[in-house]
Amino acid sequence: MRVGAGQALVGERPQRPLLDYAAMLAAFSRPLPAEGAPAPEVIEELVRQANPGLHACTGPRFFGWVIGGSHPAGVAADWLTAAWGQNAANHQAAPAAAAAEAVAGAWLLELLGLPPESSIGFTTGATVANMTCLAAARGEVLRRVGHDVEADGLFGAPPVTVLVGEEAHTTVFAALQMLGLGRRRVRTVETDGQGRILPDRFARALEGVAGPVIAILQAGQINSGDFDPFEALVPLARAAGAWIHVDGAFGLWAAAAPSRRHLCRGVELADSWATDGHKWLQTPYDCGYAIVRDEAAHRRAMTIEASYLPDAAAGERNPSAYVPELSRRARGFATLAMIRHLGRSGIARMIERHCDVAALIAGRLAGKDGIEVANEVVLNQVLVRFGDDALTRAVIAAVQADGICFAGGALWRGRQVMRVSVASWGTDASEAERAVQAILRAWRRVRAGAVPA
Ligand SMILES: *Cc1c(COP(=O)(O)O)cnc(C)c1O
């Protein structure tokens with residue numbers, strides 16, 4: 001198998017969908033089929049219909065959002081996962097799936113430098129991983145004050161104080177909203193220009209707090225890529241008796257790369273961590289990990305019991321004990337295959353290459369004809385600003401229309417920026433250079449007035 005062949009093809013198609021949602025809806029729309037059709041025809045038709053509406057997310061010059069490249073080794077394992085049809089709920093229904101998760105989970109803890117006693121739930125992504133970890137947090141901080149939230153719900157429970165940085169990821173607020181902790185009643189803590197929680201503001205936010213506390217920290221801000229200062233924040237949170245949760249959807253992977261590990265210093269002192277396989281580990285969608293130091297708290301929060309479901313004896317593991325779902329796909333296979341394929345050193349090299357490429361892109365753009373890099377590039381994220389908000393939006397549109405590379409936009413600290421997120425296994429310095437040239441050309445065209453701002 002030539003692993004790069006498919007990606008090279010993806011790299012040569014325009015780095016944007018050729019047709020938009022409305023066109024796709026029209027392409028798929030038909031009355032409910034009264035009669036069936038042969039499976040090969042159905043699949044061929046699906047390929048024909050879907051192809052123009054596919055985004056080149058797996059390509060080497062895709063820098064949108066934070067999206068991994070679905071590596072062929074993970075994709076192959078995932079095809080088997082689907083074909084084998086294993087229901088990964090429990091170790092009797094799917095011994096291989098349950099065991100693959102157990103082993104891949106232990107590897108993950110070692111790679112990420114997290115406490116080996118932690119338990120791991122294989123979720124759809126970091127959103128559900130955040131929710132799972134925060135469910136464990138909610139249960140444990142309330143259990144300590146004599147309230148059983150799993151049995152009795154939040155009715156009659158003492159209030160839980162939740163601290164979160166003002167630049168936390170939106171899915172953290174979604175998790176709080178789903179758990180009855182409220183997205184608005186949190187204490188939002190001020191951050192610096194990189195979106196890092198300011199320790200003195202954090203200390204002030206904890207002053208006079210009594211009762212159950214959850215503190216939510218971040219490894220890898222979605223725009224700047226930077227990290228909360230765990231070594232300063234964790235002792236403050238500990239002193240207040242807080243459960244400390246870390247959203248590290250992609251940033252936690254810095255711990256797996258020697259040259260970036262310092263960014264995660266102190267992260268292992270937290271109580272729970274959410275991260276993704278489908279971002280930096282390059283597994284196909286969907287794949288995330290909910291990691292909790294206190295296994296009992298994790299299991300209490302996710303309990304599903306029935307007489308027809310097997311218990312897990314000592315040394316056994318039911319995957320469903322650590323995630324919200326009962327039936328689900330066997331995500332452990334793709335995780336196992338990716339870690340086995342890349343190995344510790346391959347993962348480290350890939351992460352370091354992505355960070356080096358991000359620094360290279362920033363270096364090539366900063367200061368060129370008024371281009372500004374709006375963040376300190378510490379990881380894989382580059383925020384680029386072209387003159388003003390309108391010009392920046394025009395450059396983003398021109399880059400996307402041109403289709404050599406794809407980058408999206410965001411508001412960062414109130415200003416429009418172009419986001420360049422380097423997270424695809426096929427991206428290297430030469431692909432980055434092609435992208436830089438395309439971005440510079442787009443900026444020249446916008447400046448020359450060829451593209452309306
Ligand atoms: C992507 C991301 C999430 C959400 O993860 P999904 O895998 O999309 O569910 C949460 N937090 C951060 C920092 C992220 O980058």
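Counting starts at 1 for both ligands and their atoms, following the listed order.
- In this structure, a donor-acceptor pair under 3.5 Å is absent between the side chains of Arg16 and Gln400.
- Centroid-to-centroid, the aromatic rings of Trp65 and Phe406 come within less than 6.0 Å.
- A side-chain donor from one of Arg413 and Thr191 sits under 3.5 Å from a side-chain acceptor of the other.
- When only modelled atom types and interatomic distance are considered, Gln416 and Asp389 share no side-chain donor-acceptor pair under 3.5 Å.
- Of all protein heavy atoms, the one lying nearest to atom 1 (C) of ligand 1 is Lys279 NZ, 1.3 Å.
- Using a 4.0 angstrom heavy-atom cutoff, Gly220 counts as in contact with ligand 1.
- A donor and an acceptor atom, one from each side chain of Thr124 and Tyr285, are nowhere located under 3.5 Å apart.
- With hydrogens and angles ignored, the 3.5 Å screen pairs no side-chain donor or acceptor of Trp273 with any backbone N or O of Leu114.
- The aromatic ring centroids of Phe122 and Tyr289 lie less than 6.0 Å from each other.
- Ligand 1 is approached by Asp276 to a heavy-atom distance shorter than 4.0 Å.
- Closest to atom 5 (O) of ligand 1, if we only count protein heavy atoms, is Ala126 CB, 3.1 Å.
- Every atom of ligand 1 with a heavy atom of Gly125 under 4.0 Å away is listed here by number and element: 7 (O), 9 (O).
- Interface of Thr171 with ligand 1, defined as ligand atoms under 4.0 Å from a residue heavy atom, comprises 3 (C), 4 (C), 10 (C), 11 (N).
- Distances from atom 3 (C) of ligand 1 to the heavy atoms of Gln381, Glu167, His278, His169 show the closest one on His169.
- Applying the 4.0 Å criterion to heavy atoms of Phe250 picks out, from ligand 1, the atoms 15 (O).
- Annotation: atom 4 (C) of ligand 1 to nearest protein heavy atom, Thr127 OG1, 3.6 Å.
- Geometrically, ligand 1 and Gln218 share no nitrogen or oxygen pair separated by less than 3.5 Å.
- Salt bridge Glu372/Arg415: present, at least one basic N to carboxylate O contact under 4.0 Å.
- In this structure, the protein non-hydrogen atom closest to atom 11 (N) of ligand 1 is Asp247 OD2, 2.7 Å.
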